[in-house]
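Let me give you the structure first, and then I'll get to my questions.
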Amino acid sequence: MTELRLSVLDQTPVGEDHTPDQALRASVDLARAAEALGYTRYWVAEHHDSPGFASSAPEILAATLLAHTSRMRIGTGGVLLPRYDPAKVAEVFGVLASLHPGRVDLGIGRAGGPARDFPQRLAGLRALLTGGGVVPHAPVPPQMWLLGAGRESARLAGLLGTEFAFGHFFSPVGGQEAFEDYRDRFRTATGDRPGGALAVRVVTADSAGRAEELAQSLLLWRARKDLGEDGPLPAYETARRHRWTGAELERAKVHRTALVSGAPEQVAAALTALAGSHGVDELIVNTLTCDPADRRRSYELLSEAFALQAPGPRPAAPAAASAPGLRVQERSRPQVWSV
């Protein structure tokens, strides 16, 4: 296998005693750090009506991250296509790819609404992006990814010739078969070598004990969410004091199978094995913690464990993309004008 690449899937988690605007700023800070640490790409997710996640407009957050980084690929993981007009999605990402050529990923998900016509909508979007039907038509179109956790999405990605990311953190089984279907249909459709990446939920820390504390916090949040109590991610102190119910313990046990956690060397070994068993050379790492500092430290330790190569010195950022611009009116409300 070729050298393993690591990327980031950021769901912009909101921890208890934190606010959504703090979570969004933490995502900008983490993206800058991830670029310096040598991560390949950085994706932001789309979630609605969830107190635990702040990213409801991934195209806006992706645009901000593109302006605050200079080399790393930035994209969505993913835009929920059933919610939107494919032509509008193509226009938005045509603009982003024109402004940041060769750096934009468009990850697409099929959740968010009726998916009966999803294959047709996806094919239409791909045709718009690659066939010149979008204004502006980017000289380097965004790289299109289909996200899924089953064989149907894998087959569709192969038939359309898009990249494919399998959500191991949604479903830790079935990934090998999905990638087999994807590769078989991709080769038939295009004759090219298919890519693909595995999205994995990971928590690591400076010690196995600390990593387990963070894992317990994540598992408590996930168990509560399954049982209808959707809220911010609890602090590890909250999880430590919590008296687990039988139903919570049952749900946590289910989700433990989709979580890779432990000391950095343990996690690196487990991730390397997962990549090998799925035949991929890229892992997209998703880490959820209450405190942004714990999340950043987890990505730092992974970078060290895999000896990721940081890029050279960054050129000076243009004034419009400087860090202070993110905070000038952080507490002011948007003005609404009627015309």
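If you read the sequence from its start, that first residue is 1, and numbering goes on from there.
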Over 12 non-hydrogen atoms of neighbours within 6.0 angstrom of CG in D117: yes
Has R126 got a side-chain atom pairing as donor or acceptor with L160's backbone, closer than 3.5 angstrom? yes
In terms of side-chain geometry, is the basic nitrogen of E213 or R210 positioned less than 4.0 Å from the acidic oxygen of its partner? yes
Pair T238, E16: side-chain N/O donor-acceptor within cut-off below 3.5 Å: yes
Using a strict cut-off of less than 4.0 Å between a Lys/Arg side-chain nitrogen and an Asp/Glu carboxylate oxygen, indicate whether R224 and D230 qualify as a salt bridge. no
Let me confirm one number: the CG-CZ distance from L128 to F93, rounded to the nearest 0.5 Å. 14.0 Å
Verify ring-ring contact (aromatic ring centres under 6.0 Å, His included) between F179 and F164, making sure each step is shown before the conclusion. CA-CA 8 Å; F179 277 113; F164 175 64; 5.6 Å; yes
I'd like to know if the side chain of T64 reaches the main chain of I60, judged simply by a donor and an acceptor atom lying under 3.5 Å from each other, with no hydrogens or angles considered. yes
For residues 73-82, which residue pairs pass the salt bridge (charged side-chain N to carboxylate O under 4.0 Å, His left out) check, not counting sequence neighbours? R73-D105
Hey, does the side chain of T12 reach the backbone of L24 with a donor-acceptor pair shorter than 3.5 angstrom? no
L66 CG to L99 CG distance, which is reported to the nearest 0.5 Å: 9.0 Å
Sidechain-backbone polar pair: T69 side chain, M72 backbone, donor-acceptor under 3.5 Å: no
Working note: S7 + E282, criterion side-chain hydrogen bond (donor to acceptor under 3.5 Å, both in side chains); need CA distance, chi angles, decisive distance, verdict. CA-CA 7 Å; S7 296; E282 182 174 352; 2.6 Å; yes
Looking only at non-hydrogen atoms, find the nearest pair between Y39 and Y299 and report the distance. OH-O, 2.7 Å
Does a donor on one side chain sit under 3.5 Å from an acceptor on the other, for H242 and Q216? no
Are R103 and Q143 close enough that a side-chain donor and a side-chain acceptor fall under 3.5 Å? no
Begin with the C-alpha distance, continue with both residues' side-chain angles, and end with the deciding distance and a verdict on side chain to side chain contact (heavy atoms under 4.5 Å, CB included) for F166 and Y182. CA-CA 10 Å; F166 183 87; Y182 167 63; over 6 Å; no
I'd like to check V200 versus L274 (side-chain heavy atoms, cut-off strictly below 4.5 Å). Are they in contact? yes
I would like to know whether R222 and E229 meet salt bridge (charged side-chain N to carboxylate O under 4.0 Å, His left out); could you show each step before the answer? CA-CA 9 Å; R222 184 65 251 194; E229 187 182 345; over 6 Å; no
So for atom CD, which belongs to E152, do other residues, nucleotides or ligands contribute more than 12 heavy atoms lying within a distance under 6.0 Å? no
Just by distance, with hydrogens left out, do D291 and H18 show a side-chain donor and acceptor under 3.5 Å apart? no
Quick one: does S217's side chain have a donor or acceptor within less than 3.5 Å of a partner on P234's backbone? yes
Return the CG to CG distance between L220 and L233, rounded to the nearest 0.5 Å. 9.5 Å
Working to the nearest 0.5 Å, report the span between CG of L288 and CD of Q11. 5.0 Å
For V285 and V8, what are the C-alpha separation, side-chain angles and deciding distance, and is it a side chain to side chain contact (heavy atoms under 4.5 Å, CB included)? CA-CA 5 Å; V285 177; V8 176; 5.8 Å; no
Of all heavy-atom pairs linking S27 and L65, the shortest is O-CD2, 4.0 Å
Tell me if the CD atom of Q309 is crowded by more than 12 foreign heavy atoms within 6.0 Å. no
Determine, using ring centers only, whether W221 and F53 are less than 6.0 Å apart. yes
Roughly how far apart are T289 OG1 and L218 CG, rounded to 0.5 Å? 9.0 Å
Under 3.5 Å, is there a donor-acceptor pair between the side chain of S171 and the main chain of H168? no
Sidechain N-carboxylate O distance under 4.0 Å for R296, E300: yes
Measuring from S153:OG to R110:CZ, what's the distance to the nearest 0.5 Å? 4.5 Å
NZ/NE/NH1/NH2 to OD/OE distance under 4.0 Å, R155 and E177: no
Pairing of D29 and R25 as salt bridge, 4.0 angstrom limit: no
